Participant: 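Can you read through this structure? Questions will come right after.
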Number of protein chains: 2
Amino acid sequence: MANIKDIADLAKVSVATVSNVLNNRGRVGEETRKKILKIVEEMEYKPNRVAKSLKMNKTHTIGVIVEDLSVFNAPEIIDGINEFAEENDYSILLTNLRLFKKFGNQFPDVDTYKEMVMPLFHQLLSNQVEGIIYIGIHRRNVSGILPESNTPVVYTYCDTSNDTDISINYDDYKASFDATNYLIKKGYREVALISGLINSESALERFNGYCKALMDSSIQFNPNYVKTGDWEFESGYMMAMDLLKEEKRPSAILAMNDLMAGGVLKAAKELNLDVPGELAIFGFDNREISSYYTPKLSTVSLPLHDMGERSIKTLIDVINGNNIKTNKIKLLCELIERDSS
Amino acid sequence: MANIKDIADLAKVSVATVSNVLNNRGRVGEETRKKILKIVEEMEYKPNRVAKSLKMNKTHTIGVIVEDLSVFNAPEIIDGINEFAEENDYSILLTNLRLFKKFGNQFPDVDTYKEMVMPLFHQLLSNQVEGIIYIGIHRRNVSGILPESNTPVVYTYCDTSNDTDISINYDDYKASFDATNYLIKKGYREVALISGLINSESALERFNGYCKALMDSSIQFNPNYVKTGDWEFESGYMMAMDLLKEEKRPSAILAMNDLMAGGVLKAAKELNLDVPGELAIFGFDNREISSYYTPKLSTVSLPLHDMGERSIKTLIDVINGNNIKTNKIKLLCELIERDSS
DNA sequence: CTGAAAGCGCTTACAG
DNA sequence: CTGAAAGCGCTTACAG
């Protein structure tokens, strides 16, 4: 590959002048500029970013640590990051903890965890990334996982307990409220809830949103209408079976993810309940699968792409020393109405 | 961040010696080595890879161009790339064409295409990546998309018509043969096929594998048993309806992807056919969704992770000047037997 | 308007 | 065993 010296020699000017032309800096004569640009074109010269980075002490590179790339939320978030990065000429260095692959739903203890993250983190720092985006698998507290450093970090799809850390998430409370409220307004007043494991931030907030919607419509909270699953299809099926055998069975079930909602659908079929005539079903996450159920599942769409975009946007703001208004950002979800409600 | 000079000053040695210690090169006294290492530890010194890259003319960085990160095959392939990269201390620079997002299933013409790829490609070259992995959405011919360059490229989940280009794919022919043969051996001799769009390499090879399996069992090929869908759920449903209304209806249907197989399942339910008693169904791709159908879908698992791993492994071999035995590599798929067959 | 020179943080051939 | 110095490909303050 040609370098700036080659171009300078060919144009019979100094490297300084070539650099000035390339970066539209300093006064350069029109003649000289044209001559240089022509040669740059001909030689297909591409500036060496590595050299530039070293000199400028700025790599225009963002590091991404994703807990598990193959979990459904990750690609869409990174897609948002990529889009913004491309538009703003940032490069993305991707590292993958492969957490789910290694541990399934069992999270390792913090120390094992830190040990796993350390090498990725150091690799990124060695590469002089200007900032790091950490993408969680679940919305949970990842305090203390990343070592201290003065490289700015933005957390997304997770959070820390530190108020000064920046995180981008979606509003679980509001989404759950909206979904419940939507069902009620549709006339389904006996809305049951199948929760995910309650060690999750999301599950808690969604529960609260559900309660609030009931309250707002003066519907008495019925503890028999709340079941706890484990986020998996099977648990949705089992909990639905329980719910639908209640003497006064619910007219709608809100499941905290699309997998469990699938289980509900299966239960409804087995019990020959018409969906949505006799039972409305609402999911959460808008995973690809939700549109392939029969009937197609109504669900809550997560703003994953926007979370990615917002993460890198915010991170770059921090890098540039701009003021961030709020450290804990929550984006809104969207209700997707399909055939199950 | 501390640099090598800081360490040298603190240890009262030259930067050369620090460098030698850090890279286990040259004779260094045990005392000196220990002293330096201690200071390195204390200061949490991490060598600046950018500087090292510039000096060594080697970045230990691989560029990935993925046609669309949110299409199902991409994350798993990249997962394989990441795993190998981490083990071998390579960094991954990720770029995303967002092709499906922008165009859906309509591929743009080659020129539009090239225009989209160009900036990503140049960004990677500017960053001095040592090689590039190009990940397709579909197995198709992407000849002429990437500009000429002497940076080595490995194509995966796609190919070019150039024999000297390296590509990593899976064996469609064999997979389809195996699936068909499996059904026959299970006693389903009337095996129908729902193909995807026949402009696809995969569809063609899978068709051939299907025919070969019939032949090997001396089963007459029945043209009425082959239908062409468009890879989508709905088309699977419609084609299955056609097939199942044949006077002599097939006892098994092999669909060329899990989405269309889902449509087949839906058709079978509507016609009250017992699966797998009266009709066996076999899918392709082992997408997440396949294990959530009821009954769970038997399908062909694609070696995505291995394709990623093999891609980077091969690429690094090329970078290091090692001999590659074959340029067109095909990995084997695996039959996943579940409840639909 | 243009160029010579210093310097970013490393590595390495060479001298001592 | 250790260090001085050159150089990787850029940018930039400064001089002319």
Side-chain angles (χ1 to χ4, degrees), chain A residues 1-37 39-40 43-61 89 91 122-130 151, chain B residues 1-37 39-40 43-61 89 91 122-130 151:
Chain A
M1 281 276 280
N3 61 27
I4 200 171
K5 182 81 173 19
D6 299 331
I7 306 298
D9 288 350
L10 283 168
K12 302 204 195 327
V13 296
S14 73
V15 294
T17 302
V18 176
S19 174
N20 282 332
V21 168
L22 255 21
N23 297 293
N24 289 311
R25 184 193 314 281
R27 312 285 80 202
V28 181
E30 198 47 38
E31 292 292 280
T32 324
R33 142 174 274 104
K34 282 218 177 101
K35 182 169 57 174
I36 291 174
L37 253 17
I39 293 171
V40 162
M43 302 291 291
E44 297 186 3
Y45 167 71
K46 307 282 169 259
N48 183 329
R49 276 244 205 179
V50 173
K52 182 166 186 169
S53 294
L54 177 61
K55 174 62 193 171
M56 310 265 294
N57 196 22
K58 229 171 162 343
T59 53
H60 250 236
T61 300
D89 203 27
S91 298
H122 286 152
Q123 192 202 77
L124 293 179
L125 291 194
S126 265
N127 279 300
Q128 312 297 115
V129 298
E130 295 180 17
T151 302
Chain B
M1 280 275 279
N3 61 27
I4 201 171
K5 182 80 175 18
D6 298 331
I7 305 298
D9 288 351
L10 282 168
K12 302 205 197 325
V13 296
S14 73
V15 293
T17 302
V18 176
S19 175
N20 282 331
V21 168
L22 254 22
N23 296 292
N24 290 311
R25 182 194 313 283
R27 313 284 79 203
V28 181
E30 199 47 40
E31 291 294 280
T32 324
R33 139 172 276 105
K34 281 217 176 101
K35 182 170 56 174
I36 291 173
L37 253 17
I39 293 170
V40 163
M43 301 291 291
E44 298 187 2
Y45 167 71
K46 308 282 170 259
N48 182 330
R49 277 244 204 179
V50 173
K52 181 164 186 170
S53 294
L54 178 61
K55 173 64 193 168
M56 310 267 291
N57 195 23
K58 231 174 161 341
T59 53
H60 250 237
T61 300
D89 203 27
S91 297
H122 287 151
Q123 192 201 78
L124 294 179
L125 292 195
S126 266
N127 279 300
Q128 312 298 115
V129 298
E130 297 180 17
T151 303

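Heavy-atom basis, side chains included; hydrogens, waters and symmetry copies ignored. If you're wondering where the values come from, they're calculated on a predicted model, not measured in any experiment. Below, read A as the first sequence line, B as the second, and so on, with proteins coming before strands; counting in each chain starts at 1.
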Participant: Please report, rounded to the nearest Å, how far the P atom of D:dC10 is from the NZ atom of A:Lys5.
Facilitator: 12 Å

Participant: Which listed nucleotide (C:dG9, C:dG3, D:dT11) is nearest to the side chain of B:Ile4?
Facilitator: C:dG9

Participant: OP1 or OP2 of C:dC8 versus the side-chain N and O atoms of A:Ser53: is any pair under 4.0 Å?
Facilitator: no

Participant: With rounding to the nearest 0.5 angstrom, report the CD1 to CD1 distance, B:Ile39 to B:Ile36.
Facilitator: 7.5 Å

Participant: Using a cut-off of 4.0 Å on non-hydrogen atoms, how would the nucleic acid contact of A:Asn57 be classed: base, sugar-phosphate, or nothing?
Facilitator: nothing

Participant: Between C:dC14 atom P and B:Arg25 atom CZ, what is the distance in whole Å?
Facilitator: 15 Å

Participant: Return the CE to CZ distance between A:Met56 and A:Arg49, rounded to the nearest 0.5 Å.
Facilitator: 10.5 Å

Participant: Taking NZ from B:Lys46 and P from C:dC10, how many angstroms apart are they, rounded to a whole number?
Facilitator: 12 Å

Participant: Using heavy-atom distances to pick each residue's nearest nucleotide on DNA chain D, tell me which of B:Gly29 and B:Leu54 is more 5'.
Facilitator: B:Gly29

Participant: Taking all non-hydrogen atoms of both residues into account, name the closest pair between B:Ala8 and B:Ser14 and its distance.
Facilitator: CB-C, 3.8 Å

Participant: Figure out the NZ/P separation between B:Lys12 and D:dT2, and round it to whole Å.
Facilitator: 15 Å

Participant: Looking at D:dT12, C:dG9, C:dT2, which one has an atom nearest to any side-chain atom of A:Thr32?
Facilitator: C:dT2

Participant: At 4.0 Å (heavy atoms only), tell me whether A:Val50 reaches a base, stays on the sugar-phosphate, or touches nothing.
Facilitator: nothing

Participant: Rounded to the Å, how far apart are B:Lys58 NZ and D:dG9 P?
Facilitator: 16 Å

Participant: Tell me: NZ of B:Lys55 to C1' of C:dC8, nearest whole Å?
Facilitator: 14 Å

Participant: Closest heavy-atom contact between A:Ser53 and A:Thr59?
Facilitator: OG-CA, 3.4 Å

Participant: If D:dG16 has a Watson-Crick or G-U wobble mate with both distances under 3.5 Å, name it; if not, just say none.
Facilitator: C:dC1

Participant: Using the closest heavy atom to pick a nucleotide of DNA chain D for each, name whichever of B:Val15 or B:Met56 lands nearer the 5' end.
Facilitator: B:Val15

Participant: Between A:Tyr45 and D:dC10, is there a contact of a side-chain N or O with OP1 or OP2 at under 4.0 Å?
Facilitator: yes

Participant: OP1, OP2 of D:dG9 versus side-chain N and O of A:Asn48: anything below 4.0 Å?
Facilitator: no

Participant: Let me know the distance between NZ of B:Lys52 and P of C:dC10, rounded to the nearest Å.
Facilitator: 10 Å

Participant: To the nearest Å, give me how far apart CG (A:Asn127) and C1' (C:dG9) are.
Facilitator: 14 Å

Participant: In the structure I gave you, are the side-chain heavy atoms of A:Thr17 and A:Thr32 within less than 4.5 Å of one another anywhere?
Facilitator: yes

Participant: Given C:dT11, is OP1 or OP2 found less than 4.0 Å from the side-chain N or O atoms of B:Asn23?
Facilitator: yes

Participant: Does a nitrogen or oxygen in the side chain of B:Ser14 sit under 4.0 Å from OP1 or OP2 of D:dT2?
Facilitator: no

